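This report concerns only the one structure given below.
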Number of protein chains: 4
Amino acid sequence: MSARDAVLHDIHRTESQSLFQRLIATRRLSSELALPLSDEDQVVQANDDASPTKWHLAHTTWFFEAFVLKAFLEGYRIFDERFEYCFNSYYESVGARQPRGKRGLLTRPSADEVRAYREHVDAALERLCERGLEPWAAELIELGINHEQQHQELLLTDILSLFASEPLKPAYARATPGVAVAEPAPPDWIAFDGGILAVGHDGEGFAYDNEGPRHDELVRPFRLANRCVTNSEWVAFIEDGGYSTPTLWLADGWATVKAQGWTAPLYWEEVDGGFMQMSLHGFGPLDSAAPVCHASYYEADAFARWAGYRLPTEFEWEAAAGTVPLKGRTLGAGHLRPMRAEAGSGLKQIYGDVWEWTGSAYLPYPGFKAAPGAVGEYNGKFMCNQFVLRGGSCATPEGHIRKTYRNFFYPHQRWQFMGLRLAGDA
Amino acid sequence: MSARDAVLHDIHRTESQSLFQRLIATRRLSSELALPLSDEDQVVQANDDASPTKWHLAHTTWFFEAFVLKAFLEGYRIFDERFEYCFNSYYESVGARQPRGKRGLLTRPSADEVRAYREHVDAALERLCERGLEPWAAELIELGINHEQQHQELLLTDILSLFASEPLKPAYARATPGVAVAEPAPPDWIAFDGGILAVGHDGEGFAYDNEGPRHDELVRPFRLANRCVTNSEWVAFIEDGGYSTPTLWLADGWATVKAQGWTAPLYWEEVDGGFMQMSLHGFGPLDSAAPVCHASYYEADAFARWAGYRLPTEFEWEAAAGTVPLKGRTLGAGHLRPMRAEAGSGLKQIYGDVWEWTGSAYLPYPGFKAAPGAVGEYNGKFMCNQFVLRGGSCATPEGHIRKTYRNFFYPHQRWQFMGLRLAGDA
Amino acid sequence: MSARDAVLHDIHRTESQSLFQRLIATRRLSSELALPLSDEDQVVQANDDASPTKWHLAHTTWFFEAFVLKAFLEGYRIFDERFEYCFNSYYESVGARQPRGKRGLLTRPSADEVRAYREHVDAALERLCERGLEPWAAELIELGINHEQQHQELLLTDILSLFASEPLKPAYARATPGVAVAEPAPPDWIAFDGGILAVGHDGEGFAYDNEGPRHDELVRPFRLANRCVTNSEWVAFIEDGGYSTPTLWLADGWATVKAQGWTAPLYWEEVDGGFMQMSLHGFGPLDSAAPVCHASYYEADAFARWAGYRLPTEFEWEAAAGTVPLKGRTLGAGHLRPMRAEAGSGLKQIYGDVWEWTGSAYLPYPGFKAAPGAVGEYNGKFMCNQFVLRGGSCATPEGHIRKTYRNFFYPHQRWQFMGLRLAGDA
Amino acid sequence: MSARDAVLHDIHRTESQSLFQRLIATRRLSSELALPLSDEDQVVQANDDASPTKWHLAHTTWFFEAFVLKAFLEGYRIFDERFEYCFNSYYESVGARQPRGKRGLLTRPSADEVRAYREHVDAALERLCERGLEPWAAELIELGINHEQQHQELLLTDILSLFASEPLKPAYARATPGVAVAEPAPPDWIAFDGGILAVGHDGEGFAYDNEGPRHDELVRPFRLANRCVTNSEWVAFIEDGGYSTPTLWLADGWATVKAQGWTAPLYWEEVDGGFMQMSLHGFGPLDSAAPVCHASYYEADAFARWAGYRLPTEFEWEAAAGTVPLKGRTLGAGHLRPMRAEAGSGLKQIYGDVWEWTGSAYLPYPGFKAAPGAVGEYNGKFMCNQFVLRGGSCATPEGHIRKTYRNFFYPHQRWQFMGLRLAGDA
């Protein structure tokens with residue numbers, strides 16, 4: 001090894017070790033999130049959108065095995081060849097897989113075996129990182145970390161979905177006391193100049209392929225509410241006949257309201273004239289000042305129309321987010337539900353609490369190219385029929401969110417921690 | 001207490017204790033059947049027809065709590081009021097319940113809690129039996145024992161259904177060696193005289209309400225195959241184009257064949273030109289001489305037409321069954337799958353191995369009256385759209401089957417241990 | 001030709017001509033039934049159970065072309081080869097066909113072309129009959145006449161189904177004045193001895209294959225209401241909560257009530273606290289003394305349970321029918337709806353008015369063999385999941401009904417002229 | 001009347017008369033389009049997306065009655081109050097209506113009555129126009145004309161849909177001879193500079209509300225194929241496995257391909273190794289040089305990915321369209337199917353032939369406000385889940401298309417005259 005090679009090798013090892021620290025912390029967090037759950041809780045699939053906890057734990061592990069260890073760790077022994085079929089999610093290039101709606105049938109492999117699978121893969125990842133990583137391997141590990149963080153949030157939203165569908169309505173965790181603040185005043189409106197703005201990821205640090213290429217967008221002057229829409233504002237919408245007034249709704253939204261019998265956000269239940277809500281802390285009264293959560297795009301859009309406003313575009317949101325620090329009540333804050341905004345007039349709740357629906361369809365940025373190979377299926381093939389959400393939620397792992405992050409869901413979906421912030425023209 | 005009362009009391013106690021012995025043996029067997037299963041295996045629902053193991057364990061327990069303990073054991077403390085909603089099956093008179101297709105969402109109560117529930121109820125039943133039982137209480141306990149036995153068979157068929165739908169195809173139990181016998185010769189045909197025959201339960205010993213009233217039926221002379229149709233005979237049907245010849249099928253059967261893509265009985269898979277079969281012993285080659293199993297009524301009817309015969313009526317079957325002892329390979333034989341008939345020419349496999357489809361629609365016997373109260377929903381309300389099966393199977397608990405027993409399923413269903421025996425006119 | 005041959009030939013010609021008279025009368029009636037309908041009315045399919053008028057007119061014609069003319073009329077020119085695909089109903093042996101649910105897409109061939117098709121086939125049938133008919137040809141023509149009569153009734157029930165689903169609720173015909181009679185008293189009960197009775201067709205005159213073989217049935221003593229259940233009796237059932245009391249219903253029936261939202265028979269509508277009914281005379285008030293019509297088996301069974309009675313078996317019905325003349329208000333009576341029973345105490349409404357649900361599953365009689373060839377698909381393949389109805393209705397053509405006639409429908413179906421008569425044990 | 005008022009009155013009358021000429025021409029064209037169709041053809045609904053011809057004829061008439069005559073013609077007598085229920089399409093503000101999927105049940109009112117309805121409304125419109133029109137009335141008539149033109153195109157696409165689903169595959173019209181041109185060379189690529197471009201309607205002449213407000217868009221340099229993708233190019237895509245390569249497809253597109261069994265565009269059929277196509281001229285061989293037609297967005301997107309290009313955005317398309325005259329083979333050209341591009345290198349087929357899918361989601365332009373009242377439901381409520389198509393087709397009426405016109409359909413829909421043009425980055 002030449003001196004230059006030795007230096008490079010050391011740099012790679014150091015980078016690998018720092019990456020490895022984050023990797024191991026991420027892997028550990030997944031396991032910890034499963035701790036309050038019995039093996040029974042971990043195997044059942046609440047509905048077609050949700051996956052079992054055990055499946056999340058195994059799929060994220062398979063991701064490292066399939067895309068990192070098989071490619072980069074010489075002599076790696078596959079834990080069980082049959083797991084690829086069980087735990088591949090949607091990678092057509094990789095091969096056949098357990099149908100999405102039947103992930104809940106996998107009582108085997110057992111939760112114990114999945115835990116052993118995790119240990120086996122973690123140990124192999126440690127060996128790989130110790131040797132120093134080629135850049136492409138490092139990039140894939142970075143992708144794997146971010147991938148697992150997404151599944152951490154899904155694990156929580158899916159468990160909530162399961163627990164909400166059980167007659168005993170169990171709690172995932174005990175509630176932490178909220179920050180005591182006054183009932184919020186009407187939102188302040190913050191004005192932003194438009195202009196030609198550069199949006200999208202700029203190449204430093206990790207980002208998903210769908211956040212680039214960075215490019216210019218023409219944004220018109222606009223204004224944003226300084227906080228998210230609250231539960232009490234949503235109750236006013238309900239009481240004003242929001243769910244029974246077709247002219248407030250997109251046609252597809254109204255069809256969904258009627259077909260599904262929606263009369264309130266997901267997990268709300270009217271009890272004795274007031275609203276209760278199922279959350280990860282179980283079934284309890286609605287916090288009227290907290291952001292409304294588990295509302296679909298259809299509902300967010302109808303609410304905005306009722307209120308005389310609109311949803312922001314994803315670029316308006318990104319422009320506004322550029323004015324505040326990357327800080328908010330995400331998973332590390334330990335609340336597991338969106339919390340009321342602090343008093344005061346600045347722009348609040350940009351990060352954390354609830355994902356914010358934007359009025360932007362999820363489409364490729366100009367010049368977008370999916371990554372080569374199977375990981376190219378990560379984002380690009382979903383760029384149709386969905387809307388962009390921004391800003392992360394109370395269930396988004398620390399360090400996972402950023403200004404350019406584009407989350408996306410179908411307009412009828414509401415089981416994520418989803419809410420909204422109003423926007424208007426300047 | 002007068003001398004007469006004391007004597008009666010002793011009789012009741014003695015009867016109660018004997019009933020209690022059977023009760024406790026039944027309750028224990030259910031728990032034992034669950035032993036090879038993890039808690040994960042016990043919570044998942046394979047499909048809308050099947051129920052989770054844990055649900056079977058809890059529902060049979062709730063049956064005793066709801067219909068026996070609440071009514072007859074003074075001071076009985078209900079284990080958990082919420083379990084009635086969770087574990088009521090279909091008793092409209094009792095109240096609301098977890099929808100049938102969503103029994104698999106019940107990760108709570110946990111398997112541990114269900115085991116505790118069983119112990120709580122068993123202890124209370126013991127207290128009740130010790131005091132001596134009123135006749136109606138004894139009858140309900142007897143019904144509860146038989147009810148639980150039915151669920152023992154369902155537990156096994158439902159677990160097979162679950163395991164067959166898992167990619168790892170686990171085995172519930174290791175196979176016991178079969179009795180070594182020669183490949184069976186073509187069936188012998190046994191002739192029976194007809195006449196006016198008394199059928200149905202005669203009032204001695206337990207029977208379900210649907211087995212009575214005992215009454216006369218006019219039966220024409222007929223003949224029966226001396227054994228069930230075998231897998232190798234079924235393979236001949238397949239190879240002769242049985243599943244692609246519409247004129248062999250009832251119209252509803254043919255529509256089902258096309259809609260479901262049936263090409264063989266349930267759990268069969270063609271591998272390299274031969275057939276494999278999923279069973280409680282896992283995935284393995286077909287035993288060609290064993291009775292065909294997991295065939296629907298539609299398939300049984302089409303096979304019989306192809307073979308130039310027909311299915312027996314339930315009364316023909318009952319007449320024939322009256323000529324042989326109540327003996328067969330039921331659950332106690334320990335095979336967990338239907339076994340090939342022994343050599344020889346007599347009437348075989350009447351009891352055990354597979355339930356035999358009859359050509360009789362499941363309808364009330366003349367003069368049938370359902371029992372008063374909720375237990376009256378046990379059988380009567382299903383007397384429509386189903387066909388009668390007779391004789392029990394390899395999964396029917398010992399002592400549960402009898403000559404007059406009427407099982408019933410929809411003509412498209414095949415997840416039970418179901419087969420057939422051919423009949424013809426004399 | 002020998003003298004004997006000449007005599008036989010004359011006999012055949014005479015028989016053929018008499019058959020031909022009936023054939024031509026039947027063919028003419030079909031055309032006449034379509035007269036009140038526009039071509040538009042004749043092309044649309046109201047739902048999957050119903051067929052368009054034009055399809056009925058063409059299908060019955062195709063039946064003669066496919067089964068009679070092609071086989072027996074030398075030199076017959078097929079009208080249009082493509083019509084076989086269009087107008088074959090369900091004969092798998094004949095070949096592919098327009099899917100049942102898509103018969104309403106056939107705007108071509110036009111109604112005019114179908115009328116020309118009818119003329120072409122009628123002329124050919126005339127030529128065939130003039131030559132004298134072989135017995136098998138005569139039998140098939142007889143079958144074709146009866147087949148067309150069935151479709152005459154279906155034409156009327158299907159048009160009612162279409163008109164009832166149109167917002168303008170058109171009338172097919174003006175109402176004829178009813179026979180003025182007093183509001184009926186409670187039904188009389190007529191007792192019948194049981195015994196071993198010969199049932200089924202005895203071989204004289206035409207009958208469908210499903211009416212035989214004639215055989216003995218053991219019938220227990222029973223009694224029958226002397227008339228059908230009336231609309232006012234049904235209103236009492238509704239007012240007593242019949243449609244909201246699950247314990248009155250078969251399980252499948254109750255599931256249907258809930259899934260379909262049934263609260264009354266088909267075509268009933270509650271208006272200002274009273275009931276209106278759509279009929280072939282348009283939308284009008286319910287005739288309280290007329291037989292209830294358009295009730296499913298599920299409803300008939302629930303009503304009988306509520307009333308403390310049961311439905312008769314098909315053999316009880318046949319035994320009773322043997323005591324009255326073959327006479328009733330069928331299609332020739334010109335009412336197009338069931339009429340109230342005449343005053344008096346004898347057995348009434350056995351024939352005509354409404355088909356009467358029996359509690360008998362539609363199954364083959366002992367020794368039943370379907371006819372060879374495609375016409376063997378006429379009845380036999382439907383012997384599953386349906387119930388027998390007896391006696392004909394106000395829409396049954398003259399001469400089409402008889403004591404042994406077995407009609408059959410699924411227990412959820414109600415668009416035919418269906419009602420019920422109560423029965424009880426002696 | 002003052003002199004000024006008299007002058008204004010004359011101007012209004014002149015404008016009204018010119019508007020009336022166009023109105024009457026439009027009304028007449030609708031009737032003429034129905035001439036080749038029997039009343040039977042006009043009543044049937046081919047599928048849930050399509051409407052019957054008669055319904056189109058009546059609905060466009062109702063539009064004038066409901067929004068113009070009732071509001072502006074004093075003393076107007078409504079033709080039939082019940083028609084509002086029958087022929088309202090989706091105006092929630094107006095009230096209840098015949099469900100969209102059940103428009104084909106309306107055999108009544110008859111085609112004759114609908115023709116009389118048209119005459120009644122036309123006569124009333126003439127009276128109204130003779131009096132001179134208020135501006136708002138004139139605007140609504142203009143909207144009604146454009147509305148009816150849209151339904152003229154739908155009438156044709158819906159009749160094709162119906163005729164393609166009939167076994168006799170009738171032709172709507174005889175084919176006109178195509179312009180004889182050579183097989184097209186590969187497309188030329190035409191480069192466009194980007195920049196900040198004003199897009200959307202500029203306020204002169206009629207436009208739908210969804211075409212405005214006119215506003216700036218930032219468009220990057222791009223290039224466009226000078227003609228549409230042809231059938232022969234599509235055949236190459238098929239032969240290269242386009243319909244069986246999941247990585248070419250959006251996830252939702254691939255799911256649709258599998259669920260629907262798509263292997264070619266709608267109305268294509270493989271016969272003896274070549275492709276035939278159903279068109280308004282009946283069933284015939286594919287014109288290999290003609291633009292591919294009846295492809296969904298999913299297919300267009302997959303084709304573009306396969307070809308190494310992408311779809312243009314709607315603003316790229318609009319920028320390019322600004323460089324050519326508003327001319328093309330629309331309905332007046334009389335072809336009723338897309339025709340091959342003329343030889344030569346300029347930008348061709350921008351208008352007419354086929355609607356061109358863009359990669360732009362159908363969303364409101366910045367500052368969009370729906371019109372007040374029921375006509376505000378015309379466009380805005382559909383701004384979700386659909387994609388924009390541009391340029392009109394061979395079935396678009398003369399004068400109906402323009403540079404800023406935004407048509408929109410769901411990405412799975414393909415029964416319109418839809419194709420595509422490739423785009424690329426500069």
Side-chain angles (χ1 to χ4, degrees), chain C residues 34 36-48 50 52-55 57-58 62 79-88 95-99 101-115 117 158-172 282-283, chain D residues 34 36-48 50 52-55 57-58 62 79-88 95-99 101-115 117 158-172 282-283:
Chain C
L37 302 171
S38 70
D39 288 357
E40 292 172 76
D41 294 333
Q42 295 188 40
V43 71
V44 168
Q45 181 170 27
N47 54 59
D48 282 2
T53 296
K54 185 172 76 177
W55 189 91
L57 295 175
W62 167 83
F79 185 77
D80 188 323
E81 294 282 356
R82 303 170 306 171
F83 284 17
E84 181 148 295
Y85 181 90
C86 298
F87 300 122
N88 176 7
R97 72 214 78 104
Q98 181 75 354
K102 296 186 180 297
R103 291 175 183 166
L105 294 178
L106 299 168
T107 70
R108 314 288 179 96
S110 69
D112 274 341
E113 287 170 294
V114 166
R115 287 184 281 262
Y117 181 35
D158 292 356
I159 272 295
L160 173 54
S161 173
L162 173 62
F163 282 3
S165 70
E166 301 210 25
L168 303 195
K169 298 216 175 302
Y172 169 82
F283 192 64
Chain D
L37 303 171
S38 71
D39 287 357
E40 292 173 75
D41 294 332
Q42 295 188 41
V43 71
V44 168
Q45 180 170 28
N47 55 59
D48 282 1
T53 297
K54 186 171 75 177
W55 190 90
L57 295 175
W62 167 82
F79 185 77
D80 188 322
E81 294 282 357
R82 303 170 307 171
F83 284 17
E84 181 148 293
Y85 181 89
C86 297
F87 300 122
N88 175 7
R97 73 212 77 106
Q98 180 75 353
K102 296 187 179 294
R103 291 176 183 166
L105 295 178
L106 299 168
T107 71
R108 314 290 179 95
S110 70
D112 274 340
E113 287 169 295
V114 166
R115 287 184 281 262
Y117 182 34
D158 292 355
I159 271 296
L160 174 53
S161 174
L162 173 62
F163 281 4
S165 71
E166 301 210 25
L168 303 194
K169 297 214 176 302
Y172 169 81
F283 192 62

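Keep in mind that this is a model prediction, so the values were computed, not measured. Convention: sequence-line order gives letters A, B, ...; per-chain numbering from 1.
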Given C/L105, C/L37, C/D80, the one with more heavy-atom pairs under 4.5 angstrom with chain D than any other is C/L105
Side chain, backbone, both or neither: which part of D/K54 has an atom under 4.5 Å from a heavy atom of chain C? side chain
Would the distance check show the side chain of D/E166 and the main-chain N or O of C/T107 forming a donor-acceptor pair, the cut-off being under 3.5 Å? yes
Could you report the tightest heavy-atom contact between C/P109 and D/E40, atom names first, then the distance? O-OE1, 4.4 Å
Taking the side chain as C-beta and beyond, is there a heavy-atom pair between D/P167 and C/L106 under 4.5 Å? yes
Ranked by heavy-atom pairs below 4.5 Å to chain D, first place among C/Q42, C/Q45, C/Q98, C/K169 goes to C/Q98
What part of C/L168 gets closer than 4.5 Å to chain D, counting heavy atoms only: side chain, backbone, both or neither? both
